[in-house]
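Structure first, commentary second.
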Amino acid sequence: MSGPATSLRDSLDPASIALREAHPDRESAVRRSGELLVAGGRVDPAYTDEMLAALEEYGPYIVIAPGVALAHSRPSPAVHGVAFSVLTLDPPVAFGHADNDPVRLVVGLAAPDADSHVEALRQMAELLGDDAARERLMTATAVEDVLSLVEGASG
């Protein structure tokens, strides 16, 4: 099912972005991240359950940088194309990570197979690795701001 390289911008539907939401706990935030993936049209609701099962099994390993969680599960038949979601949390939520809590940004990732998401994930890692861009993403107040940042990372 591996096709041409997928860009980060192509993988992020505007319907998959939600900003400054309040969530009581990490499960709620990950569930919302999955719902946003579904809203983008490339992911079935079953994938959200898979993401929550991975969180339950492996714990806060998804907190990959200060304030940032990458919510995902294994490649799945519930995924029909590479997809990202962006959820910012206000107030931040404790995920149980010793060094990188609390989380202000949850990026959801879905991929149908092991290879198809590599380029989009590389671009997301580059974006999240840029301190200024990551901060702008965490504090964005409009979907258009997120899309502009992502467009820059895809270029």
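Numbers here simply count residues along the sequence, with the first being 1.
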Worksheet item: Are any side-chain N or O atoms of Arg42 and backbone N or O atoms of Gly81, one a donor and one an acceptor, separated by less than 3.5 Å?
Response: no
Worksheet item: Do you know which two heavy atoms are closest between Pro14 and Leu147, and how far apart they sit?
Response: CG-CD1, 4.0 Å
Worksheet item: Just by distance, do the side chain of Ser16 and the backbone of Leu36 share a donor-acceptor pair under 3.5 Å?
Response: yes
Worksheet item: When rounded to the nearest 0.5 angstrom, what is the spacing between CG in Asp101 and CZ in Arg26?
Response: 9.0 Å
Item to complete: Mind listing the closest non-hydrogen atom pair of Ala78 and Glu50 along with its distance?
Response: CB-OE2, 4.2 Å
Worksheet item: Does a side-chain heavy-atom distance below 4.5 Å link Glu21 with Leu87?
Response: yes
Item to complete: Would you check if Val43 and His80 make a side-chain contact, meaning some heavy-atom pair closer than 4.5 Å?
Response: no
Practice prompt. Verify, without hydrogens or angle tests, whether Thr88 (side chain) and Arg20 (backbone) share a donor-acceptor contact under 3.5 angstrom.
Written response: yes
Fill in: Arg9 side chain to Leu12 backbone, donor-acceptor under 3.5 Å
yes
Fill in: From Asp49 atom CG to Ser76 atom OG, the distance as rounded to the nearest 0.5 Å
10.5 Å
Worksheet item: Do Asp44 and Val38 touch side chain to side chain, with heavy atoms closer than 4.5 Å?
Response: no
Discussion item. Can you tell me which residue among Leu109, Val106, Leu70, Thr48 is in a side-chain contact (heavy atoms from CB on, under 4.5 Å) with Ser33?
Written reply: Val106
Fill in: Student check: side-chain heavy atoms of Asn100 and Val68 closer than 4.5 Å
no
Fill in: Student check: side-chain heavy atoms of Arg104 and Pro91 closer than 4.5 Å
no
Response to the item:
Closest non-hydrogen contact found for Leu8 with Leu127 is CD2-CD2, 4.4 Å
Discussion item. Any side-chain to backbone donor/acceptor pair from Asp145 onto Ala140? Under 3.5 Å, distance only.
Written reply: no
Item to complete: Taking all non-hydrogen atoms of both residues into account, name the closest pair between Ala71 and Met51 and its distance.
Response: CB-CE, 3.7 Å
Practice prompt. For side chain to side chain contact (heavy atoms under 4.5 Å, CB included), just list the numbers for Asp13 and Phe84, CA-CA rounded to whole Å, side-chain angles, deciding distance to a tenth of an Å, and then say yes or no.
Written response: CA-CA 8 Å; Asp13 189 282; Phe84 283 93; over 6 Å; no
Worksheet item: Do you know which two heavy atoms are closest between Tyr47 and Ser73, and how far apart they sit?
Response: OH-N, 2.8 Å
Worksheet item: Mind checking whether Pro92 and Val103 have side chains closer than 4.5 Å, heavy atoms only?
Response: no
Fill in: Side-chain donor/acceptor of His23 to backbone N/O of Asp25, under 3.5 Å
no
Worksheet entry | Heavy-atom side-chain proximity of Pro75 to Pro112 below 4.5 angstrom | no
Worksheet item: Centroid-to-centroid, His72 to Tyr61, below 6.0 Å?
Response: yes
Discussion item. Regarding Glu126 and Arg122, does a basic nitrogen lie under 4.0 Å from an acidic carboxylate oxygen?
Written reply: yes
Worksheet item: With side chains defined as the heavy atoms from C-beta onward, is the minimum distance between Val146 and Leu19 less than 4.5 Å?
Response: yes
Worksheet item: Roughly how far apart are Gln123 CD and Asp10 CG, rounded to 0.5 Å?
Response: 8.5 Å
Worksheet item: Going through the checks in order, is the side chain to side chain contact (heavy atoms under 4.5 Å, CB included) test met by Leu89 and Leu105?
Response: CA-CA 6 Å; Leu89 303 172; Leu105 171 65; over 6 Å; no
Discussion item. Do the side chains of Glu27 and Arg32 get close enough for a salt bridge, i.e. N-O under 4.0 angstrom?
Written reply: no
Discussion item. Looking at every heavy atom in both Pro60 and Phe95, which two are closest together, and how far apart are they?
Written reply: CB-O, 3.3 Å
Worksheet item: Measuring from Arg74:CZ to Asp113:CG, what's the distance to the nearest 0.5 Å?
Response: 15.5 Å
